[in-house]
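Following: one structure in structure tokens, then a few remarks.
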Amino acid sequence: MRGILTAIALGALAVAGPVAAQDRRGDDRESSREGDRTRIDPYIEVSQIVTWQFDPVDETVTYTQVAAGVDAQIRGRNSGAAIALRYERNFAWDGNARDTDTLTGIVRGYTAIVPRTLQIEAGALASRTRTDGSGGSLLVPVIGDDDTVTKTYSAYAGPTLSTRVDDVKIDANYRIGYTRVEGPDFVTLGGDAVDLFDESVAHSAMVRAATSPDMPFPVGVGVGAGFYQEDIDTLDQRVRDAYVRGDVTVPVTPTLAIVAGAGVEDVEVSSRDALRDTDGNPIVGPNGRYLVDGNSPRQIAYEAEGLIWDVGVIWRPSSRTQLQATFGRRYDSDAYYGSFTWQPSSRSNFGIAVYDSIQGFGGRLNNALAALPTDFEVIRDPISGDITGCTSPTLGTNCLSGLLGSVRSSVFRGRGVTASYTREVGRMTAGFAAGYDNRKFIAAPGTILEAANDIVDESYYVTAGVSGPAWRGNFSVNTFANWFDSGIGEIGDTFAYGSAASYYQSIWQNLSARAALSVYAVDTEVSDADLRAASALLGLRYDF
């Protein structure tokens, strides 16, 4: 199960991303106490933005944008953190547009309670996307007011223990997470309310004791147990997953080992029905979500218990190359998961991850945050300031495009694959990432969510970018494309694509000038939902 959980964490975010639009000086803002181990870069920006919308209506809107934020990498002897937070306020010049304010960012950190033994970890995410009438969520830049905007907030925290008793290594952790989505009140073409995620609380715990090969046995032996529960506010949905298992690691060569494990697992997904009026119609609350009937019996949507097993290989020919591939039986079906990372040189990285799990939207986000390193930098759209889906460095699993691809409230089985490649060429850096995410939703018969049962949402995404010095400043170009195939036939596919270019140049000391241009489009099978727009920005930035 440890291999399963590792693969889930690896797949929770897409592997790597393109180059960050480095809209900051990126110079030597370093702490004298920690030398080059700590960098804190607070900043303020004032910009003028013009947005031209060509479809579905032809209009031009002007905004004045005021933003403040901080990007930081903190490294202490027993603690570390990466912080990328930004608050912005857009003031509309036109009477038909509204002022807006937005908080976006990612935080991930840890601090040791007992050095090298016990530490507390925490992470948080604030993001926004465009949501369509099928529950699909697209990472398309948002300027000003937009009735399709969905804001997502997620956070987790918990202790992690890693110690050794003689030849036995003991690992354990516990996490509690909370996720909330604030979105529009959509209805389908048939007049039915779209089931969007509201909020959830997730708990996860794991303990494992293991020995390494030849310490003291010829093979490595491990035993572990774990528990996961997510309580979703919408219709009181609940996911429970408990397991106990053992595993062995059999070395074949100094760089190759066969791993195998087996155990028992009990998985259950359940919910209650919606509160109904006298005519039997479900009642929708003021927030656009179904009201739950607390007196209705809990209905089982899915359950699986009994034997689980897996077998695979671990290949580590060098410190720069690692492969872990596993096949097994879980959730009453075949399961595949694994990862491959390769650094051909210190200037290039390649990675692939495959994942498979049953979770809700909130639990998936929490696991993704926990999988982030503590030395990332977010990639933002240079005009809107939105997180465009990826973080750097490009090792690991650092894209949100597949993760935020659907905001349905129903529990789902999520499977997918992600891949990325980045390379430094001279003083420039280029990157490419792509992924596929498949979510098969699970809902109880006899409830209002029954219509979502076995619906499959699919997301495909590609992103690429290049950045580096140009003239007396720095430039960045990033391009993206996202496909969302809804399981609701009347909605169909959504295709979003676009590109953004930015340039900044130092004017005087910490003051720099910024310029950016972006174009993007959203094509749907619903003609009046298409969107095509372009934006331009001129502004100033001051780094403290």
Side-chain angles (χ1 to χ4, degrees), residues 1-12 14 202 204 206 224-230 232 237-247 258-271 299-314 323-340 352-361 363-364 367-368 397 402-403 405-406 408-418 435-445 447 449-460 485-487:
M1 180 60 64
R2 187 185 184 191
I4 293 174
L5 295 177
T6 301
I8 292 171
L10 286 171
S204 66
M206 180 275 295
F227 177 79
Y228 172 82
Q229 177 169 314
E230 181 177 0
I232 302 170
Q237 294 179 84
R238 185 175 66 199
V239 187
R240 279 183 177 171
D241 185 352
Y243 72 87
V244 177
R245 62 167 284 150
D247 54 79
I258 296 175
V259 292
V264 292
E265 183 175 35
D266 188 356
V267 184
E268 181 184 281
V269 178
S270 63
S271 69
Q299 301 290 326
I300 302 299
Y302 171 88
E303 57 183 344
E305 59 180 343
L307 179 68
I308 57 172
W309 61 267
D310 54 66
V311 61
V313 297
I314 297 177
L323 168 68
Q324 180 175 341
T326 306
F327 163 76
R329 188 74 178 176
R330 195 184 186 200
Y331 307 134
D332 286 336
S333 64
D334 295 340
Y336 306 85
Y337 35 85
S339 63
F340 175 68
I352 298 176
V354 178
Y355 55 93
D356 186 347
S357 66
I358 290 182
Q359 292 175 304
F361 178 80
R364 180 85 176 273
N367 280 354
T397 51
L403 183 71
S406 176
R408 294 182 190 269
S409 77
S410 300
V411 176
F412 58 88
R413 181 173 182 180
R415 288 175 283 190
V417 59
T418 61
Y436 167 73
D437 184 76
N438 178 297
R439 300 187 181 186
K440 184 175 182 180
F441 293 93
I442 303 169
T447 68
L449 289 180
E450 181 179 7
N453 191 50
D454 287 337
I455 285 180
V456 176
D457 284 351
E458 296 178 292
S459 298
Y460 307 81
D485 185 2
S486 170

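All of these numbers come straight from a predicted model, not from anything done at the bench. In this chain, numbering begins with 1 at the start of the sequence shown.
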Do the side chains of [Y] and [X] get nearer than 4.5 Å, heavy atoms only?
{"X": "Gln359", "Y": "Asn367", "value": "yes"}
{"X": "Asp247", "Y": "Val259", "value": "no"}
{"X": "Arg238", "Y": "Glu268", "value": "yes"}
{"X": "Arg245", "Y": "Asp310", "value": "yes"}
{"X": "Glu265", "Y": "Asp241", "value": "yes"}
{"X": "Tyr243", "Y": "Val267", "value": "no"}
{"X": "Tyr302", "Y": "Arg413", "value": "no"}

If I take atom [atom1] from residue [X] and atom [atom2] from residue [Y], how far apart are they, to the nearest 0.5 angstrom?
{"X": "Asn438", "Y": "Ser459", "atom1": "CG", "atom2": "OG", "value": "9.0 Å"}
{"X": "Leu307", "Y": "Asp332", "atom1": "CG", "atom2": "CG", "value": "10.5 Å"}
{"X": "Tyr436", "Y": "Thr418", "atom1": "OH", "atom2": "OG1", "value": "13.5 Å"}
{"X": "Arg415", "Y": "Ser357", "atom1": "CZ", "atom2": "OG", "value": "10.0 Å"}

Output field: ring centroids Tyr355/Tyr337 closer than 6.0 Å: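 So the answer is no for these two rings.
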Checking Arg408 against Phe441: charged group under 6.0 Å from the ring centre and within 45 degrees of the axis? yes
Are Asp334 and Arg329 ion-paired here, with the side-chain N under 4.0 Å from a carboxylate O?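 Salt bridge flag = yes for Arg329 with Asp334.
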So which atom in [X] and which in [Y] form the shortest heavy-atom distance, rounded to 0.1 Å?
{"X": "Gln324", "Y": "Ile314", "result": "CG-CG1, 4.2 Å"}
{"X": "Ala443", "Y": "Ala301", "result": "C-CB, 3.4 Å"}
{"X": "Ile232", "Y": "Ser409", "result": "CD1-O, 3.8 Å"}
{"X": "Ile300", "Y": "Pro445", "result": "O-CD, 3.8 Å"}
{"X": "Gly360", "Y": "Glu230", "result": "N-OE1, 2.9 Å"}
{"X": "Gly363", "Y": "Ala202", "result": "CA-CB, 4.3 Å"}

All ring-ring contact (aromatic ring centres under 6.0 Å, His included) counterparts of Phe327, not counting sequence neighbours: Trp309, Tyr336
Please evaluate residues Gln237 and Thr447 with respect to the criterion side-chain contact (heavy atoms from CB on, under 4.5 Å), reporting the C-alpha separation (whole Å), side-chain torsions for both, the decisive distance (0.1 Å), and the verdict. CA-CA 11 Å; Gln237 294 179 84; Thr447 68; over 6 Å; no
Given Asp457, Ile455, Asp454, the one that forms side chain to side chain contact (heavy atoms under 4.5 Å, CB included) with Lys440: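 Only one of Asp457, Ile455, Asp454 forms a side chain to side chain contact (heavy atoms under 4.5 Å, CB included) with Lys440, namely Asp454.
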Sequence neighbours left out, what passes side-chain hydrogen bond (donor to acceptor under 3.5 Å, both in side chains) with Gln299? Give chain and number order. none
